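None of these values were measured; they are calculated from a predicted model. Chain A is the first sequence line, chain B the second, and so forth, proteins listed ahead of strands; every chain is numbered from 1.
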Protein chains: 2
Amino acid sequence: MKNYIPILKRTQLFAGVSEDEIALMLSCLDARMHTYKKGEYVFHQGEHLHHITVLVEGELHIQRDDYWGNRAIVNRIAVGEMFGEAYIAPQSGALLNDVVAIEDSTVIFFDVKRIITVCSSACRFHSMVVQNLFFAISEKNKKLLQKLGHISKRTTREKLISYLSEEAKRNNSASFVIPFNRQQLADFLSVDRSAMSNELCKMRDEGLLEFEKNAFKLM
Amino acid sequence: MKNYIPILKRTQLFAGVSEDEIALMLSCLDARMHTYKKGEYVFHQGEHLHHITVLVEGELHIQRDDYWGNRAIVNRIAVGEMFGEAYIAPQSGALLNDVVAIEDSTVIFFDVKRIITVCSSACRFHSMVVQNLFFAISEKNKKLLQKLGHISKRTTREKLISYLSEEAKRNNSASFVIPFNRQQLADFLSVDRSAMSNELCKMRDEGLLEFEKNAFKLM
DNA sequence: ACCTTTCCGTTGTAAAAACAACCGACTTGT
DNA sequence: ACAAGTCGGTTGTTTTTACAACGGAAAGGT
């Protein structure tokens, strides 16, 4: 687990905390590590969570399959990001989604109670972690609102424009690379892949944008 | 402001804090009250927030209008609920939505910095408020995920089934009353009102459900 | 080098949604 | 009591999407 301390240091959760302090806090927060093969499930719909999960290697998708097999990628977790903050309240019910490793992945679990219950003087940086978690959840909240902004658009074209505009803005450039292939982007925006592909090409033909694979350029 | 202390006591934010303690904390948290007439904007898209807003009277809608006038109700704030938790992080940018009073409303603003910076011993219950805010944001996070679950369904019927099923579950009954009229529900689910109305009636004719105004019964 | 798999664009068809327009019932204000 | 406005259902048309199926290019493994 110590190998991953440099990665933890760069996470939102431990921002501003030194590696030495993190090492000390690992036991204080009851940290536990686990690895998953590509395709393995980290969590299943219906489970009850009591931990914050930080991804230190690989990539996770939070996804939901409905009764008829339509898959929606609710979110994508990259190295350094975490999962489970939506379920830290005691009254939170069961997990609503599946969490799947789409690459070989390593995660570290932190006991929620240990985090939000400020412990003895042993953890001088504990309050900073609490504040970091605050900001992190708040940010994730905001991201969900943004995604909602995209998906609530009525047509595939509008969804694409909404998403791509934001990516351009986020990268401060009309050219950028998105972290999804076509199928994943379609799932993310909750539309049909072929229809979306079609719409993308129409937009390209109309001169709205250019793309090659995952690299886009807005005009 | 003191008139609303009983209401604050029943909010998530002040759960477990006595009215006397709340009264003491109001100044500690730099609480400020403001009233709005029906239709007035509490916040406009593009503003920067530094406060948590608690609604103590009336009703608010968080909504977004796109370039072409389509309105999406991102969320609905009832008395006792709060807004602004998605923007408490210092790196949070501008507000992405409008917040509108749809009834004459009264809100109380709390300075974010004052909340998350634990103050001196004067506020014995401060840490409880911090923990409450944690759970509240976490819960809101979860609600957004649930709404995403509805909206990411492909068809109007599926969205309706998803939403209504959840309402039934939440009320522990096949019969329940929803807090939206038809237009608001359509906006919430990001679909066309008439198409949705049509679909609802089809589902009724197929025996899937019954309804009268906002009262629904699933079969 | 060959086979397999994945990815992405393309096409045609059927289904569904958006849109516009209208009407009757019910509220609300005066 | 009347006028104006809101609300919800209905219908027909146009636009958009979902779905299924195919093929070529690229990637990956043996």
Rounded to the Å, how far apart are [X] [atom1] and [N] [atom2]?
X	N	atom1	atom2	value
A:D187	D:dC19	CG	P	12 Å
B:N181	C:dC26	CG	P	17 Å
B:E212	D:dG8	CD	P	12 Å
B:R204	D:dG8	CZ	P	13 Å
A:R193	D:dT17	CZ	P	15 Å
A:M196	D:dC19	CE	C1'	15 Å
A:Q183	C:dG9	CD	P	12 Å
A:I151	D:dT17	CD1	C1'	15 Å

> Pick the nucleotide of DNA chain D nearest each of A:K213 and A:K159; which residue has the one closer to the 5' end?
Replying inline: A:K159
Measure from the side-chain heavy atoms of [X] and tell me the nearest of [options].
X	options	answer
B:A195	D:dA18, D:dT10, C:dA18	C:dA18
A:T156	D:dT17, D:dG9, C:dT10	D:dT17
A:R182	C:dT11, D:dT10, C:dC8	C:dC8
B:F211	D:dG9, C:dA18, C:dT10	D:dG9
B:E199	D:dA20, C:dA21, C:dA17	C:dA17
B:N198	D:dT10, D:dT11, D:dA21	D:dT11

> So, A:F14 versus A:F110, ring centres under 6.0 angstrom or not?
Replying inline: yes
>> If you take the centroid of each ring, where Trp contributes its six-membered ring, are A:Y87 and A:F43 closer together than 6.0 Å?
In response: no
>> Under a plain distance cut-off of 3.5 Å, with no hydrogens placed, do A:E139 and B:S92 share a side-chain donor-acceptor pair?
In response: yes
> Between A:K159 and A:E199, does at least one N-O distance fall below 4.0 Å, as a salt bridge requires?
Replying inline: no
> If you pin B:R157 and A:L200 to their nearest nucleotides in DNA chain C, which one's is more 5'?
Replying inline: A:L200
Tell me what [X] touches on the nucleic acid: a base, only sugar-phosphate, or nothing, going by heavy atoms under 4.0 Å.
X	value
B:D192	base
B:S197	base
A:T155	sugar-phosphate

> For B:L145, which of A:L144, A:I62, A:L95 qualifies under side chain to side chain contact (heavy atoms under 4.5 Å, CB included)?
Replying inline: A:L144
